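We use all heavy atoms of the structure for the numbers below, so side chains are in, but hydrogens, waters and symmetry mates are not. Not measured: the values here are computed from a predicted model. Below, chain A is the first sequence line, B the second, and so on; all start at residue 1.
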Amino acid sequence: MQKDKFFRDIENVKHPNEELVKTHCSYCGMQCGMNLRVDKSTNKIIGVEPRYDWPVTLGKMCPKGVTAYQQTNHDDRILKPLIRDDASLKGTKEGFREASWDEAYDLIAKKFGELQENYGKDSLSVFSGVSMTNEKCYLTGKFARVALGTRYIDYNGRFCMSSAAGGFLRTFGVDRGSTLPWTDLHETDCLFIAGSNTAECHPTSMFRIWAVQERGGYLIIADPRETPIARRADVHLDLRPGTDLALANGILNLLIQNGYADESFVNQHTNGFEETKELVKDFTPEYTSMITGVAVEKIEKAAEIYGKAPNAIVMFARGIEQQQKGVDNVSAYTNMALVTGKIGRPKAGVATFTGQGNGQGGREHGQKSDLLPGYRKITNPEAVKAVSKVWGIEPEEMPKPGVSAYEMFELMDNKTIRGLYLLCSNPAVSAPNLNFVRGALKKLDFMVCGDFFLSESAEYADVILPSVSWSEDEGTVTNLEGRIIKINKAQEPIGESKPDWLMQVELAERLGKGKNFSHLKTAKDVADEFRLATKGGNADYYGATWDKIDEQDGVFWPCKDKDDKGTPHMFLDKKFYHPDGKAKICALPYRPPAEEPCEKYPLRLTTGRVVYHYLSGNQTRRIQFLNDMCPDPYVEVHPITAAKYDIKHDEFILLYTRRGKANYKVKITEAIREDTVFVPYHFGHDESINLLTIAALDPMSKMPEFKACAAQIDKLKSGSVL
Amino acid sequence: MTFSIVEPKDKDVQKRRKLYMELENCIGCRACLAACTQCGGHEERNRNYVYDVNPLVNRQTMPLMCLHCVDPACARSCPAQAIQIHESGAVLSAMVEKCIGCQNCTIACPYGIPKFDEEENLMYKCDLCIDRTKDDIPPMCASVCPSNTLQWLTEDEIADKKQATEVGNDKWVTSMPYLEGETHVTVNLPGVLQGTVKLF
Amino acid sequence: MEEISLKEPMKNMKKKTNSINDAFASKFAKSMFIAVCGIVILSFFGTRMFTHVDWNLYGYMVGTIVFLGGFFYRFIAWGERPPTKIIIKKGMKLLFRKSTPKTSVDHLATYKFIWNRGIYRWTQHLLIGWGVIISCLVTFPLVFGWMYFTMEESGMYTIVGMGMDIMTVPADGFIAFMSYNALNFSAIMVIMGVCMALYRRLKNMQARAEQNFMYDFLPLYLLIFISVTGLALTFINVFLHGAGHYVMSLIHQYSVVITLIYLPFGKLAHIPFRPLSVFAKNYREHYGEKSMKQCKVCENEFVSTEQSNDVINVLGTNEIEFNMKDGFNLAELCLPCRRKYRIARFSGFATHEVPIKEANQNAKG
């Protein structure tokens, strides 16, 4: 086979005494293909080699991907279980001692047992993440509901993808992040991208995006900042943070007014057009411009280009989703595709840039408070019955729905939740309103944390279980296209670290649930049970075997059986997943952000990523190259605003909101609105911008409004850094 | 437009590929710097650069790396003849046993590319990942570049690019007047898209 | 690999001559004449008027003379290149700087800069380097009779250097032991060092990429061949009571002669040329103390004025000129400003004039 030949024959790619293990990056939803270079004599990962034959990214990687391999054998890795006996040291790195797995498991079983005996089953909780394989995500849900028997399980996708999920479910009846494969992107004629700093957050999409322009297509970007992608856009809609819904309604109005609506498509395949048309009528370009701050001509131009384009793709990301109307924003932008009929065919559709590596797969399989594997509601008796059978429990034993991620911290604060098993997440940096969240973590009676680095959240734990990095275990991940791909094991776990699924199996045995877990001896065993558990759901993975993934370069779900090749393009038959087969065009009245600027807090604060770091930075801040490139957070300020506050480039200032304050170095740039400041969110402790962000939750997705709140700057007297 | 999967060419194929830079595409991610450190022979030190064009104003960035001059000033100025030119045209790093540490090359290079390690008394620079490119495998920077700013193309492909982007605005450049001499690397300046014919 | 062809600098062609130089057809002839005369005169005294010449070693003599020919040929051709010429000329002038002894020891004896490149490489280089130096220091005085031993009847050895009795030591004493076996020790050092070098050449990717057999491996094989045959001589003498000694000594002698002849033309040429790095260091230090060049853009000092001018001149002799319309030569900009200036040329915006430090360009992987 061509691709095998490539690596086998070229000595300079495949160095002697080395093995190339094909896998994918550990970080974002792009899941760029890569080969890890493994020294055969030491069985250690020693480097990375581009995976030129991976069809989505063709060997391309961002700086995070290039250096990702350095996590595996990093000096900071936790090699043994750690126990802290002195609870007064919570919130610090101090007081941990190394312990055996037996001691750690015994302690956890004892403490969890005591808590559940005294305060009921639901006094325990599980907070998980989606930067791990589908198998682990699946088993975490099962562990919470079967081994712990608690209703309180949720995950960090609530801070990431849940608005996109909510929006797609409402509009399409199904939530697959992208209706088409990424290999279509460069062939479309117009990309409308809202709230995505693609060049920094999903860099390996960029060569396809630029190719659209190179071919003569158009690029429309809606973003408060002139990000590297916005800089080259044909139209840059530089809106105020938190006003996306108005912009989407305004453009939809223009599309309808100017006759770009595809009436036959709308009539045959959608509901809700008339009332939406009625509602958006008010969003004239002038009115939209007044709310969003975007010039009328730009709005008109954007609508015209999108309307005229033979094929167009609407894309969005956290910029529109991390708002207290994130779900509405998603539905509103999706309306554009539905009204113009630019969906359900190749080169046209809707896609969200999934943030976390397995943000797509991880949200489908039962880590969410109200979901079971296969993207089925826990309130649906049929689903409960099907999953209970796979899990070997009675349907009555299935816990009820829990609460969302941020709400769990509220329950910790009021002592409803007393114990926590945290894994694959770092809410002490990534949750909003951190002063409250960190306080809640401190109040816990007992906390277990599974991680491979000592994260800021692990500092609140009583027991830390050393898990493995992505390269020391195998399993599947669903990338931002909805393509199920395979992560391969390149190295044996270092020290005494174990994959999370194995910890959960062993812990379940201690908790007396061995009969439901003990048969899971390998990652493959988990995978087989997992596929079975998804059978019949919307996100049906039953046919996506590891062999098929390998043969086909990934499998797009749904993939129902062994002959099913998967579904790269959704809705080709124009059948949506609502019972009547129609998509829903939603009429969405505009709501302003929860906190509008006022006299005391006149600036809008928005947050986001830089290209060198990933999420809470727990991994990337430890990688020398990445940390050298971006060691500290900063606040981006427009020169006019800076002049108003008399602050200069590289000067430290105090930034504060109603909830918190922090010191940041000023970065002067005209690439931001005058009324807006921006701080990247990858930094811990006193540097976390989430000390300042607001926990205003979207009513449907429970997504906090990270992207817009009111803030103020104080110039520091020299030397008075916080 | 299609993106072809990079395949190694047979050794006897005369048409070697060359590094092609399309500056308009750069997104400033510095993956090229990170990848440079990963090249087998680079001892974890990067040899290329990415600059903010106007840091106080916008996010425009551009990579800068050795352009592999046909008549390299660095080699001309080297008293020890330590800088060799590979048959592919790549201007190599100083040979360790020959470099006497005078740093003439850093002063001579019109683009400021060679780096000097005081401790090791040794100059090092981009060698176009010679361990890869001598077999026509793309150099690390062009392999990973997510924005296609750096590409590894045949003469024909570069000619096609030239045809597609030559818009009479003097922005298609192979060397002069924006460079100081003929180079083996082809540079395409920002502004090339101005002349693109829009689809509709 | 091709080396850059040399363009003869025109203005150096007509040179003032003086009477001594007129006596020779070329610089090469002069150098050879002086060197051979020097050796003959030294040998004349060393061997007490040629009474103590070991004619068994004549092959080495011939080899040395041929080596000198090659060495001068190479060195002179090399020294004529404009940049080399400057370093040699100014280096000679600065030879007696106070820091010269320390720099020489660092560069030529302890190889401190190689230590900084890695302990493995340092060890390997130290073993080979000092192995070869010790061998030369023993072999050539013996060959030309600058040093020899005489055996007294009392069981004492006298070491004679330059015709004078240096010391008399017991034949079974420590110093005598070290003297007889110096070449054995040096051979072992070279073999160990070469093995380390060969191992590195098989493993290191940079080395693998750039090395070729003739340039990188041949000298190593030659060194190891000399050392092994040398040790074999000792082995034959000690364990085989001299059986096959004649053949082996011939093989050894030929291997040395071939290496000597090859030395100026391959990788080993860096041995005689390496002292230039002391020149370079002196050159940078001296002129740096005298006057530093300020960057024409950011006004930071970055190189000596002398070197900046020298480089501009050297490039000028090769018809390379980097005078910009903006009123400076590129060699007058510090490296970050020169890079930013190029960005400015690409973008049309004066990046080099934005007073912000360049972003980190040196992150380690």
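- Nearest approach of C:Pro83 to B:Cys78, heavy atoms of both residues: CG-O, 3.7 Å.
- With sequence neighbours left out, C:Asn329 forms a side-chain hydrogen bond (donor to acceptor under 3.5 Å, both in side chains) with C:Asn323.
- Interface residue B:Cys99: only backbone heavy atoms are found under 4.5 Å from chain C.
- A distance of 11.0 Å separates CD of B:Glu180 from CD1 of C:Ile320, quoted to the nearest 0.5 Å.
- Here the shortest heavy-atom pairing between B:Tyr178 and C:Phe346 reads O-CE2, 4.1 Å.
- C:Phe328 CZ: more than 12 foreign heavy atoms inside a 6.0 Å radius.
- Atom CD1 of B:Ile113 sits about 9.0 Å away from atom CG of C:Leu335, to the nearest 0.5 Å.
- Proximity to chain B (any heavy atom under 4.5 Å) is restricted, for C:Phe302, to the side chain, taken from C-beta onward.
- Expressed to the nearest 0.5 Å, how far CD of B:Glu97 lies from CD1 of C:Ile114 amounts to 10.0 Å.
- Here B:Asn54 is the residue among B:Thr106, B:Asn54, B:Val96 with the most heavy-atom pairs under 4.5 Å with chain C.
- Side-chain atoms of C:Arg342 do not come within 3.5 Å of backbone N or O of B:Tyr111 as any donor-acceptor pair.
- Heavy atoms of B:Glu24 lying under 4.5 Å from chain C are absent altogether.
- Of the two parts of B:Asp117, neither the backbone nor the side chain holds a non-hydrogen atom closer than 4.5 Å to a non-hydrogen atom of chain C.
- With sequence neighbours excluded, no residue forms a side-chain hydrogen bond (donor to acceptor under 3.5 Å, both in side chains) with C:Arg274.
- In C:Lys89, the NZ atom is not crowded: 12 or fewer heavy atoms of neighbouring residues, nucleotides or ligands sit closer than 6.0 Å.
- Annotation: C:Glu321, atom CD; neighbour count of heavy atoms from other residues, nucleotides and ligands within 6.0 Å does not exceed 12.
- For the atom pair B:Asp52 CG and C:Lys340 NZ, the distance stands at 9.5 Å (nearest 0.5 Å).
- In this structure, C:Lys267 places its NZ atom where more than 12 heavy-atom neighbours from other residues, nucleotides or ligands lie under 6.0 Å away.
- Ranked by non-hydrogen atom pairs under 4.5 Å with chain B, the options C:Gly348, C:Ala280, C:Cys337, C:Cys334 are led by C:Ala280.
- Interface residues of residues 117-132 of chain C toward chain B, defined by a heavy-atom distance below 4.5 Å and sorted by number: C:Arg117, C:Arg121.
- Here the side chain of C:Arg284 pairs no donor or acceptor atom with the backbone of B:Gly101 at under 3.5 angstrom.
- Using a 4.5 Å cut-off between heavy atoms, C:Tyr111 does not touch chain B at all.
- By number of non-hydrogen pairs under 4.5 angstrom with chain B, the leading residue of C:Met324, C:His270, C:His352, C:Gln361 is C:Gln361.
- Each of C:Val303, C:Val311, C:Val314, C:Leu315 was scored for a side-chain contact (heavy atoms from CB on, under 4.5 Å) with B:Asn104, with one residue passing: C:Val311.
- Neither the backbone nor the side chain of B:Ala35 comes within less than 4.5 Å of any heavy atom in chain C.
- Options B:Cys109, B:Cys105, B:Pro79, B:Ser88 differ in how many heavy-atom pairs under 4.5 Å they form with chain C, and the most are formed by B:Pro79.
- Separation of atoms CD1 (B:Ile100) and CZ (C:Phe273) is listed at 11.5 Å; rounding is to 0.5 Å.
- Taking 4.5 Å as the heavy-atom cut-off, the residues of residues 57-67 of chain B that approach chain C are B:Met62, B:Pro63, B:Leu64, ordered by number.
- Heavy atoms closer than 4.5 Å to chain B are found in the side chain of C:His107, but not in its backbone.
- Contact detail for B:Pro110 and C:Phe322: the closest heavy-atom pair is CG-CZ, 3.6 Å.
- Contact tally against chain B (heavy-atom pairs below 4.5 Å) for C:Ile88, C:Leu333, C:Ile87, C:Ile312: the top residue is C:Ile87.
- Between the B:Arg76 side chain and the C:Glu319 main chain, no donor and acceptor come within less than 3.5 Å of each other.
- Heavy-atom distances place the side chain of B:Leu23, and not its backbone, under 4.5 Å from chain C.
- Neither the backbone nor the side chain of B:Cys36 comes within contact range of chain C, judged by heavy atoms closer than 4.5 Å.
- Only the side chain of C:Ala359 comes within contact range of chain B, with at least one heavy atom under 4.5 Å from a heavy atom of that chain.
- Atom OG1 of B:Thr37 is separated from atom CG of C:Asn362 by 12.0 Å, given to the nearest 0.5 angstrom.
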